[in-house]
Amino acid sequence: MNGPQPLIALDCVAPRDRGAFMGNAVQTRELARALDRRDDLRLALLVDPETEQQYRQLGLRARLVRCGSRWKNKLTDQLAIARAVWRLRPALYHKPNGQLPLVPLPGRVVVTIADVNFRRLPCSSVAYAYKNIGYHRTIHRAAAIMCISEFTRSEVHFFYPAAVGRTTVVHNGTTALPSPDDSVARTLP
């Protein structure tokens, strides 16, 4: 390979609306592990105090960049992430769980969208406006958009036609499943 290896920044900061994002956390962790095994790139993982220890325990070669804010809310998190991305100036920044920060970022950005169900399900008008503006800006700024299913892609295309032509379905992966344990079944008649 000629020249320096490109730097990829993967956003591993824990989302604020935690309960709904357990699958995204697993997906992000496994993506970090897979990218860390590659020798053709450098990897920086953006972490906050909550996720830093989890990623440190994985023993990855990736650089951990702490960018958690002092005041925990979505806006300060976004500003801290944007500041870290501007400092790093990666060839690619990947946001694996939804909306990009509202402020512009350097370089190419990629997002993964799990759903846009706020467009179909009831939610407060403030939440709806925040998410709709955020996704609208994200769709227009992302170089590529990954959707976790064909259904999600169809919803993104329906609500955000500007995404057509830049979306790819990438199904969520999983960690290895544990070996089956049939000890309970063997006790049943």
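- The minimum heavy-atom distance between V65 and A84, with the atom names listed, is CG1-CB, 4.2 Å.
- Proximity of C147 to T168: side-chain heavy atoms (C-beta onward) are nowhere separated by under 4.5 Å.
- Rounded to the nearest 0.5 Å, atoms SG (C12) and CG (L31) are 8.0 Å apart.
- Taken from CG in L105 to CG in L88, the straight-line distance is 11.0 Å, to the nearest 0.5 Å.
- Atom CG of L43 sits about 7.5 Å away from atom CG of L60, to the nearest 0.5 Å.
- The side-chain contact (heavy atoms from CB on, under 4.5 Å) test with I113 singles out one residue from T167, I148, I145, and that residue is I145.
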Could you walk me through whether C67 and V13 pass the side chain to side chain contact (heavy atoms under 4.5 Å, CB included) test, one step at a time?
CA-CA 8 Å; C67 60; V13 172; 3.7 Å; yes

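- N97 is listed as a side-chain neighbour of K95, based on a closest heavy-atom distance under 4.5 Å.
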Please lay out, stage by stage, how V169 and T152 fare under the test side chain to side chain contact (heavy atoms under 4.5 Å, CB included). CA-CA 8 Å; V169 173; T152 298; over 6 Å; no

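- Clustering ILVMFWY residues whenever any of their side-chain heavy atoms sit less than 4.5 angstrom apart, transitively, puts M146 in a cluster other than the one holding V164.
- Follow the hydrophobic side-chain contacts under 4.5 Å out from F118 and you reach V156 in the same cluster.
- The environment of R166 atom CZ is dense: over 12 non-hydrogen atoms of other residues, nucleotides or ligands sit within 6.0 angstrom.
- With values rounded to the nearest 0.5 angstrom, I139 atom CD1 is found 11.5 Å from R141 atom CZ.
- With rounding to the nearest 0.5 Å, the separation of CZ in R61 from CG in L45 is 11.5 Å.
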*asked:* Working note: I8 + R42, criterion side chain to side chain contact (heavy atoms under 4.5 Å, CB included); need CA distance, chi angles, decisive distance, verdict.
replied: CA-CA 6 Å; I8 307 301; R42 294 175 296 137; over 6 Å; no

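- Side-chain contact between Y160 and T138 is absent, with no heavy-atom pair separated by less than 4.5 Å.
- Side chains of R120 and E155 form a contact here, defined as non-hydrogen atoms less than 4.5 Å apart.
- Summarising the geometry of H140 relative to A162, their closest heavy-atom pair is NE2-CB, 3.5 Å, with the distance given to 0.1 Å.
- Within a 6.0 Å sphere centred on CZ of R108, heavy atoms belonging to other residues, nucleotides or ligands number 12 at most.
- Put simply, L92 and V47 are part of the same group of oily side chains (I, L, V, M, F, W, Y) that touch within less than 4.5 Å, one to the next.
- Using a 4.5 Å cut-off on side-chain heavy atoms (C-beta onward), F159 and Y135 make no contact.
- The backbone N or O of L102 lies less than 3.5 Å from a partner atom in the side chain of Q78, making a donor-acceptor pair.
- Between P101 and Y93, some side-chain heavy-atom pair lies under the 4.5 Å cut-off.
- No donor-acceptor pair closer than 3.5 Å links the side chain of R63 to the backbone N or O of A44.
- Of all the heavy atoms in A62 and D36, the pair that sits closest is N-OD1, 2.8 Å.
- Note that the CG atom of D48 and the CD1 atom of I81 stand 8.0 Å from one another [nearest 0.5 Å].
- When atom types are taken as modelled, the side chain of W86 and the backbone of P104 share a donor-acceptor pair closer than 3.5 angstrom.
- Across Y55 and L64, no two heavy atoms sit closer than the pair CB-CD2, 4.0 Å.
- Of the N and O atoms on the side chains of Y128 and R119, at least one donor lies less than 3.5 Å from an acceptor on the other residue.
- Residues V170 and T112 are not in side-chain contact: their nearest non-hydrogen atoms beyond the backbone lie 4.5 Å or more apart.
- Counting heavy atoms from C-beta outward, D40 and Q5 have side chains that stay 4.5 Å or more apart.
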Going through the distances and angles, do H94 and D11 end up as a side chain to side chain contact (heavy atoms under 4.5 Å, CB included)? CA-CA 6 Å; H94 182 189; D11 190 333; over 6 Å; no

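- The minimum heavy-atom distance linking P49 with R66 is given by the pair CG-NH2, 2.8 Å.
- Here the shortest heavy-atom pairing between V103 and A82 reads CG2-CB, 3.2 Å.
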